[in-house]
Amino acid sequence: MTDQKTPSLTQYFGATDHEKEQMDFSKVLTDTTDKINSVRLGQEERPTNEPEVCRIFAEIPAEPKDPTANFFDLIGNDKGKVNSAGIISVLDLPTKNEDTYIPRVSTSAEADRRRDAWIPIERTRQALIANATAQPGTYVPDSDLLTTPGILIEEELGDVIGEAVGACLGEAEAAQRRSLTASDVTQDERGLRELVQAGSFRAAINLTGRLLSIYGQGRGRKGHSTKHSPHSLQLWFTRIALLIKTKAFDYAQKEAEAFGQLEKPDVFYQFYPDMYGGRPGSMASFSFRLLLAELPMHCGKPKESLTKLFSILGVIKKMIHNLKQGLCEDGNPMEIGESDRADSLKLWSGREARVMHSVINCAISVKDYELALELLGQLSERDGAPKQALLSALGRLHLQLGNISGAETCFNEAAQLGPSGVRDIVDKGLLAIAQNNFDNAYVAFQQASNLEPSNIMILNNMGVCLLYGGHLKEAISVLESAIANNPMHALHESLILNLCTLYDMESSKGITKKFALLRQISKYSADAPTAILEKLYG
Amino acid sequence: MEAEEHLLALKVMRLTRPTLASPLPVTCDSKDLPGNLLNNVLQQDPTAVPGSETIAIGQFLLLPQNPVNIYLGETFSSYICVYSETTQIVYNITVKVDLQTTSQKLSLANNSSTTKLNSDETVNTVIHHEVKEIGPHILVCEVAYQNSAGVLMSFRKFFKIQVLKPLDVKTKFYNAENDDVYLEAQVQNITNGPICLEKVSLDASHLFNVTCLNNTPTGESIFGNITLLQPQSISQYLYCLTPTDKLSSDLKSLSGATNIGKLDIVWRSNLGEKGRLQTSQLQRMSPDFGEIKLSITELPNFVVIEELFTFKCKLANNGERTVEFILYLENTRNIAWCGISGRKLEALPPHSSKILEFKCIPLVPGLRTLSGVKLVDTFTKRTYTYDELGQVFVILSTKTSS
């Protein structure tokens, strides 16, 4: 049933095929059901020529830079949106709240199985067997085998930018601020996505809280037994991901605690045989699992993250081994078709690479450069790896730790694999900085900027070089013009940090300029981490 | 000094290397609730590198946000910005920057005067200085100017800097029998972050030729491609110093040659921040050769039991008179000598040496010490006993199971 996908369909997600896509859609409206299935599959099972590291981004439509682009649709770009509503009805899927999540991801059972495959820990496996073999409704697991989350944030989160504006610029200005709150959108996952898309992360967190209360997992429910569903777990995933995005790590950690490593039986489908038949697998998504493993490193416990990430890596390796041995991911000797097996291997080795990225990030955060170098080296040797991007990253890692000749070797090797646009020019600029030659670095960044005039990172780097060369005013004007030209994206916390540092140097009137910056943020940003806002009143 | 109102003010920022900012990667599958939204946010993040968004090694330069230690041998760089606090025009501004250490005062900048400064202008000075002393340093910035009435005014600002020690270098010397000197140098990173040792080399005194023993026969470093030292970690280097021919022919000056050379160390840390140190002259213990020295020059490592073998020794007369010796060979449990004991040797003039050849038969297998050689000075009657001349490993037979 998954064999419908064809190369032409998977190509729809390439960046340049818009016209063709539109045409095809008008043609195939009659038998959309199968095609949509295939398209959905195609997203996950892209042809091998897509490097693993990029795959996660491959599904992004052609104009991702357009913040108004509609992300909420089946196809992944607005051209397809017209069809999506119709398709859901064609698929004839239930629309109850509990299940609204499923039609959106409508796909074959095989793709579901592949995506959710996981090997439970031994104790959970035993519990799941006991559950399956007991008289229906008679199995009562130990309470420590249950996942009992609850919301811990006492009140709804406020609009921190609005509060900062109120405190610094007066209530009148604060009143002018327009930003979405949880009450401005429909109280469902559609509204949630709307908030996320608008960048109103705190409002989105508030909405997840309201929705989770409906599941009996709201405030004060931590420790109470509850029932999980793919949807409730997705709400939790979204909530914790957004808490991390807004750098509310403490809350993220406390609320995530109940989930452990998602290894308890009640977050597996087998735990609910009457609802999901005998379907095996993890009810929580892989992204959630990874997010939970990464979380400790943001809370000053990188070692804990390393342990958890390596344990995920261990399970994935086992699953890949099982697949190669002719078994299912979880070791079950069930038959899988050849192409399905190939797709499974592709999916899981892609996920393996993603986990390795997280390990690398964790290693870098604790300055364990040996580990980071080793893993980046391994990644770049993998089949179909985006070698050029990885060599470039490896080169920068060498720069960061101070090995200039090693960095140069990597950059040269990357350059030999073909032109990479501005990336290798910027890398050359960084190399010049490591050699303490900020003038040459500036020249390199300027060259890159000629190729991509709107690239914020390059403008920022030019500004930094200007400062080291003794040109403070020019540095400020480069950063200010970067913001003026693209406030939506340039009002990024790192750029703001740089600009504030320069304002502090320039005069005793830095605070006026910082308030102007705050006004801009209030106008263009829906949300911002508190730390950067504090920098602006300081 | 009471607070005085000034038309100008000054700020100083230490220019350590920038860092590379990267996004905090939070990603999801298209089938997760947020769909591609979080991936899009990540992709549009200016600190993300297209093609490796989920790897936190960015290209986005972030100015130093936290104070960073400065270590001996690093370059201290700072940005000094003088700006106007008034709407008036200010004239003839000079900025003088000095660094006061515990022992001396160094001038880092002495800007020729800026004729005039409008209210929104700045005078910018960037200084660089390689720090060569440990301990407290004071950066002294002095600004002099004239106000619109032509009155000369000036003020000074002081910034304290503590220079720390980056490396701990421990050395050990071994004087070998053949007059070679082995130097073992332990370089310990005592900074608070990892460092990359770019160069460790021994600049030997001209009396010795250096062989670096830190490379494999194919020329690669035994430490791998990079020598990365985590805080408190130690890297150990080994050098062999061979006295020049001129030096080894003269035992007296050889014994007096205690200056070995200096270790030259270059390291880098964050984004290529460089440091360089040279140790003071390394001194070895002067070897005490005494008047008479008997040392092995040729000796097999392995010998076969009950088979005759030969070894050679150098007998050197380091004294000021000609000596005559009687050579005695005493059999031990392990070795039977083959030769004449009680034989008188040729006279040995001052500052000369000769090679002696010995023959013996090993009697017991295993690692055995050559002992039982005795020299008696016929004039002073003084006896020199050599009971640990060298060692051989005695094996049972060369015919291994074939």
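Reckoned from all heavy atoms, side chains included, excluding hydrogens, waters and symmetry mates. Note that this is a predicted model, so its numbers are computed, not measured. Quick note on labels: first sequence line is chain A, next is B, and so on, each numbered from 1.
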Can any side-chain N or O of [X] pair as donor or acceptor with the backbone N or O of [Y] at less than 3.5 Å?
| X | Y | answer |
| --- | --- | --- |
| A:Asn461 | B:Gln59 | yes |
| A:Asn361 | B:Thr54 | yes |
| A:Ser287 | B:Asp29 | yes |
| A:Arg396 | B:Gly58 | yes |
| A:Asn498 | B:Leu61 | yes |

Heavy-atom pairs under 4.5 Å with chain B, option from [options] with the top count:
| options | value |
| --- | --- |
| A:Thr409, A:Leu430, A:Leu242 | A:Leu430 |
| A:Ala372, A:Ser507, A:Gly406, A:Ser358 | A:Ser507 |
| A:Leu290, A:Leu502, A:Thr238, A:Leu401 | A:Leu401 |
| A:Val464, A:Ile360, A:Ile456 | A:Val464 |
| A:Asn436, A:Leu291, A:Leu376 | A:Asn436 |
| A:Leu233, A:Val426, A:Val196 | A:Val426 |

Might you point out which heavy atoms bring [X] and [Y] nearest each other, and give the distance in Å?
| X | Y | value |
| --- | --- | --- |
| B:Leu62 | A:Ser494 | CD1-O, 3.6 Å |
| B:Lys11 | A:Asp504 | NZ-O, 2.6 Å |
| B:Leu33 | A:Arg193 | O-NH1, 2.8 Å |
| B:Phe60 | A:Leu495 | CZ-N, 3.8 Å |
| B:Arg17 | A:Ala434 | NH2-O, 2.9 Å |
| B:Pro25 | A:Glu294 | O-OE1, 4.0 Å |

### Message
Tell me whether the count of non-hydrogen atoms from other residues, nucleotides or ligands lying under 6.0 Å of CG in B:Asn225 goes above 12.
### Response
no

Examine whether an atom of [X] lies under 4.5 Å from a heavy atom of chain B, and if so say whether it belongs to the side chain, the backbone or both; otherwise answer neither.
| X | result |
| --- | --- |
| A:Phe438 | side chain |
| A:Lys473 | side chain |
| A:His471 | backbone |
| A:Ile364 | side chain |
| A:Ile458 | neither |
| A:Asp427 | both |
| A:Tyr468 | both |
| A:Asn460 | side chain |

### Query
Of all the residues in residues 73-87 of chain B, which have a heavy atom that comes within less than 4.5 Å of a heavy atom in chain A?
B:Tyr79, B:Cys81, B:Tyr83, B:Ser84, B:Glu85

#### Entry: Sorted by number, residues from residues 63-72 of chain B in contact with chain A (heavy atoms, under 4.5 Å)
B:Leu63, B:Pro64, B:Gln65

#### Entry: From B:Cys28 atom SG to A:Gln234 atom CD, the distance as rounded to the nearest 0.5 Å
8.0 Å

## Note on the structure
So NZ of A:Lys367 and CD of B:Gln230: to nearest 0.5 Å the spacing works out to 9.5 Å

### Task
May I ask you to say whether A:Arg115 pairs ionically with B:Asp32, meaning some side-chain N is under 4.0 Å from a carboxylate O?
no

